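Remarks on the structure that follows.
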Amino acid sequence: FQDLVKSFMHPVGLTNAEPCSDQECEKLYHLAELTARLRITVGRKNGHGEIEYIDEAEGTPRLVSGALQIARARAALYRRKTATSEDLELGKRAVWDATPAARRSIFQSLTSGPTTWAGVVNSSGITSDAQIERTLETLIALGLVKKEELNTSVFYDLSYSGRDLWEKSK
């Protein structure tokens with residue numbers, strides 16, 4: 001057990017090479033950029049009212065670095081000198097899981113295309129209308145989602161920027 005902890009904390013022999021190809025690292029970068037945008041703090045009047053301000057996004061390189069560290073650490077845990085794609089997937093999962101759950105869930109519910117309010121409710125798993133409304137307002141304010149009215153129907157979809165980041169991260 002001590003050897004396992006020691007190899008995890010001090011991965012001797014683990015190379016400093018990136019644990020991903022250029023293409024995989026580019027996908028990771030886009031996922032980190034999307035995550036950073038989804039994590040932006042949005043201030044509201046009295047905590048639940050109108051949006052008053054939107055903070056700056058955090059640094060994407062920090063998220064990428066964290067994912068790569070997780071991949072390297074997992075490789076060290078299994079006594080491998082280089083990280084595998086499975087190791088990198090764990091790092092990517094950690095980045096994506098750092099997104100607030102409601103934002104992540106609603107964003108993902110829109111990845112298959114435009115949908116109505118009922119579609120968002122059904123595919124996101126969020127049952128609180130107030131939470132869905134606030135989250136959609138936030139995602140629209142962040143420029144990741146758009147709202148379109150067609151006749152008497154309202155549709156929500158990823159914006160060009162939201163779809164572009166999503167597609168490039170896959």
Side-chain angles (χ1 to χ4, degrees), residues 1-42 54-115 119-127 131-132 135-136 138-140 142-146 156-170:
F1 183 73
Q2 287 177 335
D3 289 339
L4 182 62
V5 170
K6 183 178 179 181
S7 69
F8 182 73
M9 299 304 289
H10 305 287
V12 175
L14 185 63
T15 67
N16 285 331
E18 292 301 316
C20 55
S21 67
D22 288 346
Q23 184 180 13
E24 287 176 319
C25 281
E26 187 174 333
K27 288 178 183 180
L28 173 59
Y29 179 82
H30 290 296
L31 177 64
E33 185 178 349
L34 175 59
T35 299
R37 292 202 35 208
L38 285 166
R39 287 171 47 109
I40 293 173
T41 299
V42 175
I54 299 173
D55 277 348
E56 294 291 319
E58 65 186 293
T60 300
R62 186 181 70 76
L63 292 168
V64 171
S65 176
L68 294 177
Q69 287 175 354
I70 289 170
R72 287 185 190 109
R74 185 174 189 270
L77 182 64
Y78 289 100
R79 298 187 181 274
R80 292 191 302 268
K81 292 188 179 197
T82 57
T84 65
S85 59
E86 288 179 354
D87 300 328
L88 182 62
E89 284 303 313
L90 181 64
K92 288 168 67 174
R93 177 64 189 246
V95 168
W96 187 238
D97 285 350
T99 305
R103 293 183 192 185
R104 181 178 63 239
S105 180
I106 289 176
F107 184 90
Q108 278 186 297
S109 76
L110 298 173
T111 59
S112 57
T115 190
V120 172
V121 170
N122 290 335
S123 59
S124 72
I126 299 172
T127 56
Q131 184 176 25
I132 291 173
T135 303
L136 281 169
T138 298
L139 293 173
I140 291 167
L142 294 174
L144 297 170
V145 170
K146 61 184 178 179
Y156 298 92
D157 194 9
L158 298 182
S159 66
Y160 173 79
S161 146
R163 184 149 319 274
D164 186 54
L165 284 171
W166 177 252
E167 292 299 324
K168 288 179 178 177
S169 71
K170 296 194 309 181

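Keep in mind that the numbers below use all heavy atoms, side chains included, and drop hydrogens, waters and symmetry copies. The structure presented is a predicted model; accordingly, all values stated were derived computationally and were not measured.
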Heavy-atom side-chain proximity of [X] to [Y] below 4.5 angstrom:
X: I70; Y: L88; answer: no
X: Q23; Y: K27; answer: yes
X: L28; Y: L68; answer: yes
X: D157; Y: V145; answer: no
X: L142; Y: R37; answer: no
X: E167; Y: H30; answer: no
X: R104; Y: L38; answer: no

Exercise for review: Test T99 against L34 for side-chain contact (heavy atoms from CB on, under 4.5 Å), laying out the working first.
Suggested key: CA-CA 9 Å; T99 305; L34 175 59; over 6 Å; no
Would you confirm whether [X], through its side chain, and [Y], through its main-chain N or O, come within 3.5 Å as a donor-acceptor pair?
X: S159; Y: K146; answer: no
X: S105; Y: A102; answer: no
X: T135; Y: Q131; answer: yes
X: D87; Y: T84; answer: yes

Practice item. Could you tell me whether the side chains of D164 and S161 share a donor-acceptor contact shorter than 3.5 Å? Key: no
Exercise for review: May I ask you to decide if the ring planes of W166 and F107 are parallel, tilted or perpendicular, using 30° and 60° as cut-offs?
Suggested key: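 Judged by the thresholds at 30° and 60°, the geometry between W166 and F107 is perpendicular.
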